[in-house]
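Quick caveat: nothing in here was measured; it's all calculated off a predicted structure.
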Amino acid sequence: MDSGLAALLGAAVGSAATLGAAIVNVRSQARSQHAQWSRQHRRDAYARYLSALHDRDIAMDAVLDALRSDRPDLPDLDEKTGRFVTLAREVHRACEIVILEGPESVAGAAEHIAGASSDLSHVMRRMAENARTGDITGRTEDMALAAERERTLYQAVKDFRLAARRTLGKAT
């Protein structure tokens, strides 16, 4: 083989190796960018969900405070309940995105929050109905049950945060 042909073959092999390395590098970079985009997208969905939960929980606390009164101001209670319901819908919308975007561990944690929220909402609804009719016979028990359900809900939110952090690679 003459030296010109050997040089040409060497250049072709070098070019092919360089091209192959470039393709591998581009694919690796694309996977890395996609993973970063996915993490950011999930983080944003989790942050929106937690923010909606926070706003809803402030409204929930206002309803519970109104229900603690011996004689709740019914128009005030209705206004606070309406705000709570509106914000609960926002939580539901944000939760749907979390369930779609997140892995099973995060979706399950969000569904646990939804269940705990529903359990507390049932108690609150009963308490509001009783306040409207003036029935105070089960008020003490309902207040205790509401406090228990509230603790369960807050624990579910803490569990969600932990699952979200793990998914985002933040820590245990």
Side-chain angles (χ1 to χ4, degrees), residues 33-172:
Q33 286 176 340
H34 178 67
Q36 176 60 29
W37 174 84
S38 182
R39 267 191 309 280
Q40 184 63 40
H41 193 65
R42 284 179 173 174
R43 191 195 75 69
D44 292 346
Y46 302 162
R48 278 190 298 277
Y49 178 58
L50 288 168
S51 178
L53 280 171
H54 176 76
D55 293 344
R56 191 267 332 252
D57 288 351
I58 290 171
M60 176 188 67
D61 290 342
V63 171
L64 288 170
D65 285 344
L67 289 169
R68 285 185 182 99
S69 171
D70 289 337
R71 292 180 177 243
D73 177 351
L74 296 180
D76 181 57
L77 178 62
D78 289 342
E79 180 183 323
K80 289 176 179 176
T81 301
R83 176 149 173 75
F84 169 77
V85 169
T86 298
L87 293 171
R89 288 182 182 132
E90 292 300 317
V91 167
H92 180 74
R93 284 185 197 97
C95 184
E96 290 299 318
I97 303 300
V98 166
I99 289 170
L100 288 172
E101 292 294 330
E104 184 58 38
S105 61
V106 174
E111 289 169 352
H112 188 216
I113 290 172
S117 296
S118 178
D119 291 346
L120 178 56
S121 291
H122 290 301
V123 176
M124 291 170 58
R125 188 175 303 121
R126 182 174 60 236
M127 292 171 68
E129 289 169 6
N130 290 343
R132 284 184 186 84
T133 63
D135 180 4
I136 60 168
T137 56
R139 188 170 173 276
T140 303
E141 293 83 10
D142 281 343
M143 291 304 292
L145 184 57
E148 176 189 316
R149 300 271 168 91
E150 201 171 7
R151 284 188 299 277
T152 300
L153 173 58
Y154 288 132
Q155 183 59 52
V157 172
K158 285 174 63 176
D159 293 345
F160 172 83
R161 280 190 200 109
L162 181 60
R165 286 180 57 82
R166 285 184 179 143
T167 297
L168 297 172
K170 292 297 182 182
T172 56

Gap separating the CZ atom of Arg48 from the CG atom of Asp44, nearest 0.5 angstrom:
5.5 Å
Go through the steps to decide whether Arg132 and Asp78 satisfy the test side-chain contact (heavy atoms from CB on, under 4.5 Å), and finish with yes or no.
CA-CA 10 Å; Arg132 284 184 186 84; Asp78 289 342; 2.4 Å; yes
Polar side-chain atom of Ser51 near backbone of Ala47 as donor-acceptor pair, under 3.5 Å
no
I need the minimum non-hydrogen distance between Leu120 and Ala146, along with the two atoms involved.
CD1-O, 3.5 Å
Glu150 vs Asp61, test: side-chain contact (heavy atoms from CB on, under 4.5 Å). Steps then yes/no.
CA-CA 10 Å; Glu150 201 171 7; Asp61 290 342; 2.9 Å; yes
If you take all heavy atoms of Ala66 and Lys80, which pair is closest and at what distance?
CB-CD, 4.2 Å
Separation of Tyr46 OH from Leu168 CG (nearest 0.5 Å)
6.0 Å
Between Thr137 and Asp135 the two heavy atoms that sit nearest each other are OG1-OD1, 2.7 Å
Between Asp57 and Leu153, does the side-chain contact (heavy atoms from CB on, under 4.5 Å) criterion hold? Intermediate values first, please.
CA-CA 10 Å; Asp57 288 351; Leu153 173 58; 4.1 Å; yes
Can you tell me if Arg149 uses its side chain to pair, donor with acceptor, with the backbone of Asp119 under 3.5 Å?
yes
CG (Leu74) with more than 12 external heavy atoms under 6.0 Å:
yes
Residues forming a side-chain hydrogen bond (donor to acceptor under 3.5 Å, both in side chains) with Arg89, sequence neighbours excluded:
none
If I take atom CG from residue Leu53 and atom OH from residue Tyr154, how far apart are they, to the nearest 0.5 angstrom?
10.0 Å
On a heavy-atom basis, which atom in Met124 and which in Leu67 lie closest, and how many Å separate them?
O-CD1, 3.9 Å
Here the pair of heavy atoms bringing Ala110 nearest to Val98 is CB-CG1, 4.1 Å
Rounded to the nearest 0.5 Å, the OG atom of Ser105 sits from the CG atom of Leu162 at a distance of 9.5 Å
Kindly compute the distance separating CZ (Phe84) from CD (Glu79), expressed to the nearest 0.5 Å.
15.5 Å
Results of side-chain hydrogen bond (donor to acceptor under 3.5 Å, both in side chains) for Glu111 - residues two or more places apart only
none
Does atom CZ (Arg83) have a neighbourhood of more than 12 heavy atoms from anything else shown, all under 6.0 Å?
no
Mind checking side-chain hydrogen bond (donor to acceptor under 3.5 Å, both in side chains) for Arg139 and listing every partner two or more places apart, or none if nothing turns up?
none
Is a side-chain donor or acceptor of Ser118 paired with a backbone partner of Ala114 at a separation under 3.5 angstrom?
no
I'd like to know if the side chain of Ser69 reaches the main chain of Asp65, judged simply by a donor and an acceptor atom lying under 3.5 Å from each other, with no hydrogens or angles considered.
no
Using side-chain contact (heavy atoms from CB on, under 4.5 Å), reason through Leu145 and Arg126 one step at a time and then give a plain yes or no.
CA-CA 11 Å; Leu145 184 57; Arg126 182 174 60 236; 3.6 Å; yes
Sidechain N-carboxylate O distance under 4.0 Å for Glu90, Arg93
yes
Do you know the tightest heavy-atom contact between Arg42 and Gly102?
NE-CA, 4.1 Å
Rounded to the nearest 0.5 Å, the NE2 atom of His92 sits from the CD1 atom of Ile99 at a distance of 8.0 Å
Take atom CD in Gln155; do more than 12 heavy atoms of anything else shown fall under 6.0 Å from it?
yes
